[in-house]
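Atoms within each ligand, like the ligands themselves, are counted from 1 in listed order. The figures here come from the full heavy-atom set of this structure, side chains too, leaving out hydrogens, waters and symmetry mates. If you read the sequence from its start, that first residue is 1, and numbering goes on from there. On a predicted model such as this, the values are computed, not experimentally measured, just so you know.
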Amino acid sequence: MYKIFDTINNLKDNKKGNKKKTYEGKKSLDNSSKNEIQYVECTIDLKYSLELNYKKKSLNDCKINLKGISSLIINSIRRTIMADVKTLSIEKVYIYKNSTVFGDEIISHRLGLVPIFISTELLRIYENRAKNDPNIIINLDINNNIYNKTKISIFSEMLNLMYKSIEFDLYKNQLIFPVYRDILILKINPGQEIHCECHCLINSGLNHAKFSPVGTIFYRMEPYVKILKEIISFDSSSFLKICPTGVFEVEKLGNLSRIYVKNSKFCTFCKECIKMNFKSKCIIKIGRNKIKINLIIESTGVSSPENLFKRAIDLLIGKSELCLENVIKNFKSDVNFKI
Ligand code: SF4
């Protein structure tokens with residue numbers, strides 16, 4: 001039987017008398033002893049209840065408000081989305097004919113950066129395949145006739161999926177296509193042509209940035225602004241001008257006016273309000289709320305932001321379980337080892 005306790009927090013909580021919940025579950029940690037029932041018991045500190053609010057700005061952008069979770073965990077999710085969530089991208093380009101003014105390597109580089117959508121079902125099938133197995137091939141064959149007097153612009157929508165395997169019949173509705181149809185790859189003059197074959201691969205952002213499913217992803221602790229002493233004066237307009245983002249607002253009290261905090265989340269920490277002296281005292285306090293965190297995800301379109309968030313958490317759970325199993329296996333023989 002294995003028991004895992006958060007001993008430091010236990011001591012703290014005994015003093016404070018905070019409530020704690022204990023989760024207990026059966027888990028076979030050693031394959032060699034399948035008949036033995038082993039228990040993993042975890043004590044989770046529940047000082048703050050976890051809250052999650054999801055706001056979708058557009059199809060590929062979202063903002064997730066999380067409350068009661070450490071920024072370290074949010075950062076792990078962020079880094080997992082950037083580096084570990086797998087996507088499909090063009091890996092190798094075989095150029096059979098290129099009579100355009102662009103070099104082969106420039107065309108290959110541009111093609112490699114085109115984000116390609118693949119459904120989650122197909123992604124799961126292909127990610128288990130051998131690394132060099134080119135099951136998904138995209139073809140580009142454009143010929144601008146010499147008698148044609150205009151240039152041809154080649155956009156990402158002209159990329160054709162060439163090779164289809166058995167899985168495509170199983171998931172007929174799950175297509176593979178460039179996320180944006182209007183990405184300009186190159187322009188060709190009359191009499192020029194390009195024939196190439198692009199082999200796609202599923203990989204993660206750890207290997208190359210083109211596999212990363214996000215453009216921008218960051219987290220921000222929500223700012224807080226506190227007025228320690230009431231500010232009541234005849235002329236408050238000069239004070240309002242100090243804050244460039246409109247955090248403060250004025251409330252009329254007869255001839256006087258009272259200043260209060262309206263939108264603390266707009267604070268950019270410029271510290272202009274702190275520099276102001278009220279009878280040589282600083283009465284405004286600004287800081288970051290460490291338990292209220294906003295995670296902003298801007299996907300490249302290869303997958304929806306909510307799907308990326310879910311996949312990152314699944315990956316983190318898998319990694320943590322693997323790590324725990326290895327720790328227990330390696331140290332099990334040690335008599336002094338206790339969890
Ligand atoms: S730090 Fe700057 S942005 Fe924040 S409340 Fe003060 S003046 Fe406004």
Side-chain angles (χ1 to χ4, degrees), residues 9 12 16 18 45-83 209 212-300 304-306 308-309 312-313:
N9 282 327
K12 275 185 193 172
K16 290 176 186 173
N18 286 351
D45 195 351
L46 288 176
K47 276 179 195 165
Y48 310 103
S49 58
L50 180 67
E51 280 176 32
L52 192 146
N53 285 313
Y54 181 82
K55 281 180 197 167
K56 195 145 188 171
K57 289 180 183 173
S58 67
L59 196 66
N60 296 325
D61 297 357
C62 85
K63 185 178 174 184
I64 302 170
N65 298 326
L66 294 135
K67 193 182 167 190
I69 191 166
S70 161
S71 60
L72 301 173
I73 296 171
I74 306 286
N75 197 32
S76 308
I77 295 170
R78 186 186 73 89
R79 291 184 70 93
T80 309
I81 292 175
M82 278 200 305
S212 184
V214 283
T216 311
I217 180 164
F218 64 96
Y219 70 90
R220 185 172 181 256
M221 289 176 202
E222 223 173 83
Y224 71 82
V225 181
K226 268 185 190 172
I227 299 174
L228 303 174
K229 244 182 177 183
E230 287 281 1
I231 306 170
I232 297 171
S233 66
F234 289 104
D235 182 26
S236 55
S237 56
S238 57
F239 181 83
L240 289 182
K241 281 177 193 167
I242 292 166
C243 181
T245 53
V247 170
F248 302 101
E249 194 52 81
V250 174
E251 186 189 0
K252 286 280 173 196
L253 300 168
N255 291 336
L256 299 169
S257 47
R258 177 182 156 265
I259 289 160
Y260 67 96
V261 178
K262 194 186 176 191
N263 292 312
S264 60
K265 63 180 175 183
F266 294 149
C267 178
T268 53
F269 298 99
C270 68
K271 295 184 180 174
E272 284 301 315
C273 56
I274 292 176
K275 285 176 198 166
M276 268 198 73
N277 286 330
F278 298 91
K279 293 174 188 173
S280 65
K281 272 185 183 176
C282 177
I283 56 165
I284 293 171
K285 193 182 173 188
I286 57 168
R288 291 180 196 274
N289 198 336
K290 287 185 180 173
I291 61 156
K292 277 187 183 176
I293 298 169
N294 297 326
L295 178 69
I296 290 100
I297 305 173
E298 290 178 19
S299 164
T300 54
S304 63
E306 56 269 28
L308 291 174
F309 186 73
I313 290 172

*Any sub-3.5 Å donor-acceptor pair from Ser299's side-chain atoms to Val214's backbone N or O?*
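Not at all, since once roles are kept as given, no pair shorter than 3.5 Å links the two residues.
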_Looking at Pro213, is its backbone amide N or carbonyl O close enough to the side chain of Thr300 to form a donor-acceptor pair, meaning the two atoms are under 3.5 Å apart?_
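Yes.
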*Between atom 6 (Fe) of ligand 1 and Cys270, is there an N, O or S atom separated by less than 2.8 Å?*
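Short answer: no, not a single N, O or S atom is under the cut-off.
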*Salt bridge between Glu306 and Lys56, side-chain N to carboxylate O under 4.0 Å?*
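Answer for the salt bridge query: yes.
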_One thing to verify: whether Glu251 and Arg258 come together as a salt bridge, which I'm taking to mean a side-chain N less than 4.0 angstrom from a carboxylate O._
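Yes, charged N to carboxylate O under 4.0 Å.
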*Which of the atoms in ligand 1, numbered in the order shown and given with their element, are less than 4.0 Å from a heavy-atom of Ile286?*
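So the atoms of ligand 1 that pass are 1 (S).
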*Consider ligand 1: state whether an atom of it lies below 4.0 angstrom from any non-hydrogen atom of Phe266.*
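Contact check Phe266 vs ligand 1: negative.
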_Smallest separation among heavy atoms of Pro305 and Leu59, with atom names_ =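 Scanning both residues, the minimum pair turns out to be CD-O, 3.7 Å.
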*Kindly give the heavy-atom pair with the smallest separation between Val225 and Cys267, and that separation in Å.*
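Heavy atoms only, the tightest pair is CG2-CB, 4.0 Å.
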*Should the pair Arg78 and Phe309 be classed as cation-pi, given the thresholds of under 6.0 Å to the six-membered ring centre and 45° from the axis?*
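Because its charged atom misses either the 6.0 Å distance or the 45° angle limit, Arg78 does not stack over Phe309.
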*Which bit of Ile284 is near ligand 1, meaning a heavy atom under 4.0 Å away: side chain, backbone, both or neither?*
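For Ile284, no heavy atom sits under 4.0 Å from ligand 1.
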*If you measure from each non-hydrogen atom of Thr245 to ligand 1, which part falls under 4.0 Å: side chain, backbone, both or neither?*
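Side chain only; the backbone of Thr245 stays clear of ligand 1.
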*Examine all N, O or S atoms of Cys267, backbone included, and report whether one is under 2.8 Å from atom 4 (Fe) of ligand 1.*
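Checking Cys267: at least one N, O or S atom is under 2.8 Å.
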Identity and separation of the nearest protein heavy atom to [atom]:
| atom | result |
| --- | --- |
| atom 8 (Fe) of ligand 1 | Cys243 SG, 2.4 Å |
| atom 1 (S) of ligand 1 | Lys271 N, 3.2 Å |
| atom 6 (Fe) of ligand 1 | Cys273 SG, 2.3 Å |

